[in-house]
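A, B, ... follow the sequence lines: proteins, then strands. Residue 1 opens every chain.
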Amino acid sequence: MTAARPTIGIIGAGKLGVVLAQLALAARYEVRIAGSGSPHAIGLSMRVLAPGAQTMTTIDVASSSDIVILALPLRNYQHLPVDALADKLVIDAMNYWWEVDGENPALSDPASSTSELVQEHLHK
Amino acid sequence: MATQPTSAASKSSDILFGLDSFGDLPTDKNGDVMSHAAAIRQVVSEAMLADKLGIDVIALGEHHREDFSISSPETVLAGIATQTSRIKLASGVTVLSSDDPVRVFERFATVDALSNGRAQIILGRGSFTESFPLFGFDLRNYEQLFEERVELMAEVLKEKPVTWKGSTRAALDAADVFPKTESGRIHTSIGVGGSPQSVVRAAKYGFPLMLAVIGGSPERFVPYAELYKQAAAEYDTSSDEIGIHSPGFIAETDEEAIEIAWPAHKINFDRIGKSRGWPPVRRDHFLEEVKHGSLYIGSPETVAQKMARTIKTLGVNRFDLVYGGGPMPATARTRMIELYATQVIPRVRELLEET
Ligand SMILES: NC(=O)c1ccc[n+]([C@@H]2O[C@H](COP(=O)([O-])OP(=O)(O)OC[C@H]3O[C@@H](n4cnc5c(N)ncnc54)[C@H](OP(=O)(O)O)[C@@H]3O)[C@@H](O)[C@H]2O)c1
């Protein structure tokens, strides 16, 4: 049964990414996760906090997972690997959080949601 | 998930109990909200009371917004220093990303002199970032600023001439920084709010860890304490000191504590939530946090039981209780400190002795 389950990729290994990894592992999904740097940089954290999650580069997470969850700071969405994410189911969990993203009128415009901006970026 | 204590928090007498404030504006006897200046003097008198009653630490955090009076914790600590004799004087936290490590050292070394060696620093990134635009820092450098400044802070704290180069501040070439402390070291921790990178960073530099747990069940942080230990083992640093910082309020009975804390809590959170896009806090949610989460609110017995449980579960050896959140009567704050010192702390120690 587990074999038929989609693998879940998580981009961003911070507060949200860790919790998502823990929940997905508890639900018996295969989990792949990346931070902004090398997989080695988050190795220890993931071994302790989310044992079983495989650490990879962002590109590898994107290309090798069936479902990819975005859990990085929104201000970095333009660094996402667009090609590797082509044809994937991408779930955007990012919020505009001006306290860390900085004041950005494009992101706070009530006429459009930030996920639309992300979607537009990934469709390029 | 395994929830074993991650360290034997040795003897209950080794555990430190602190009070933590941002200088929230209390209400006076007419129910009017105090001025910033009066609120600062209120904190000084509370710290003097805490010192007299034997509380171990007073930690003051910085905010740069209208609802809080403390933007310069170490200046308030300097005021407290000469009026007290035992209590440790800490920041909680010093937002290092938007401060200069050299100046931070100078200011705390001064408090250390005034207090005969009682100054402590708790460094943090801060979950509020109003200091960034105020001091001309770019939030895009949020991570880099903290990373670099922690590195420089660790050097300056050695109290030897510093040679350092980075991209967020002028380089230093064998710069010596004064005043020197008598002990040769200001006790300095890092406060973290659940970012694994910050936990690892604290271990890397060998700083004690303060876990800020302001919502949800404290058990969630057991793996973070474990991460700190494993990272410290990897970097060959000490992981002996782990503390927790959580909000609370104490009155004679559970009902009284809730009736005083709830309105103040609601005003406090709704005000912050407005700028962050949170929905207004609901009473049932608040009560849920009191029951199962990270609000230590109730009678001395209720709060003591809850604190002892958290201390055991996480294996921490310091508990800083954040008090007086929101516009609360000043008299209720004073009473809370008395109850904390005379009933809660002794009871927590007792509970920790019974295994
Ligand atoms: N915290 C919450 O409760 C919560 C809830 C819902 C939604 N969110 C949203 O989730 C997002 C992340 O929040 P957080 O609190 O988890 O932040 P966080 O703790 O700061 O973690 C951010 C993570 O993203 C990584 N990252 C940064 N840039 C990246 C890039 N270009 N490629 C890959 N990874 C990158 C960081 O890695 P490095 O450390 O290596 O740079 C870090 O692991 C935000 O948009 C936030 O609004 C958070």
Side-chain angles (χ1 to χ4, degrees), chain A residues 10-28 31 33-53 55 71-79 94-110 113-114, chain B residues 1-2 6 63-65 95 97-98 125-133 137-147 192-204 212-213 215-216 219-235 239 272-273 275-278:
Chain A
I10 300 169
I11 298 182
K15 294 184 280 292
L16 179 65
V18 166
V19 171
L20 292 174
Q22 289 169 336
L23 292 172
L25 288 162
R28 305 256 198 76
V31 174
I33 188 163
S36 69
S38 79
H40 178 74
I42 58 169
L44 176 64
S45 302
M46 294 308 121
R47 277 201 303 284
V48 177
L49 301 178
T55 54
L72 64 161
L74 184 60
R75 65 178 178 281
N76 289 349
Y77 81 90
Q78 279 159 338
H79 303 172
M94 299 183 290
N95 293 318
Y96 172 50
W97 192 241
W98 64 266
E99 305 238 22
V100 295
D101 290 325
E103 298 281 356
N104 185 335
L107 299 179
S108 58
D109 181 357
S113 71
T114 57
Chain B
M1 194 177 300
T6 50
H63 270 306
H64 306 265
R65 38 188 298 142
V95 181
S97 329
S98 56
R125 290 199 298 190
S127 64
F128 288 80
T129 48
E130 63 284 304
S131 59
F132 279 69
F137 291 100
D138 190 337
L139 273 165
R140 277 173 301 192
N141 303 329
Y142 184 71
E143 270 101 31
Q144 191 198 11
L145 279 164
F146 192 63
E147 183 69 52
V192 310
S195 143
Q197 297 90 324
S198 301
V199 173
V200 173
R201 189 186 289 115
K204 175 175 162 190
V213 185
E219 285 79 25
R220 287 177 8 257
F221 281 77
V222 170
Y224 289 86
E226 184 55 32
L227 173 61
Y228 178 63
K229 281 170 210 273
Q230 293 207 16
E234 201 148 291
Y235 288 111
S239 61
I272 294 165
S275 66
R276 292 184 162 192
W278 297 339

Task: Partner chain A: residue of B:E143, B:E130, B:R125, B:Q230 with the largest heavy-atom pair count (under 4.5 Å) - done: B:Q230
TODO: Mind checking the CD-CZ spacing from A:Q22 to B:R220? Nearest 0.5 Å is all I need.
DONE: 9.5 Å
Task: Part of B:R276 within contact of chain A (heavy atom distance under 4.5 Å) - done: both
Task: Approximate separation, where rounding is to 0.5 Å, of B:Q197 CD and A:S36 OG - done: 7.5 Å
Task: Taking every non-hydrogen atom, the tightest pair across A:K15 and B:P196 - done: N-CD, 4.2 Å
Task: B:Y224 vs A:V18 side-chain heavy atoms within contact, under 4.5 Å - done: yes
Open item on the list: Under 4.5 Å from any heavy atom of chain B, what part of A:A13 do you find: side chain, backbone, both or neither?
Closed with: backbone
Task: Minimum side-chain heavy-atom gap A:L44-B:L227 below 4.5 Å - done: yes
Task: Where B:P223 and A:V48 come nearest, the two heavy atoms and their spacing - done: O-CG1, 3.5 Å
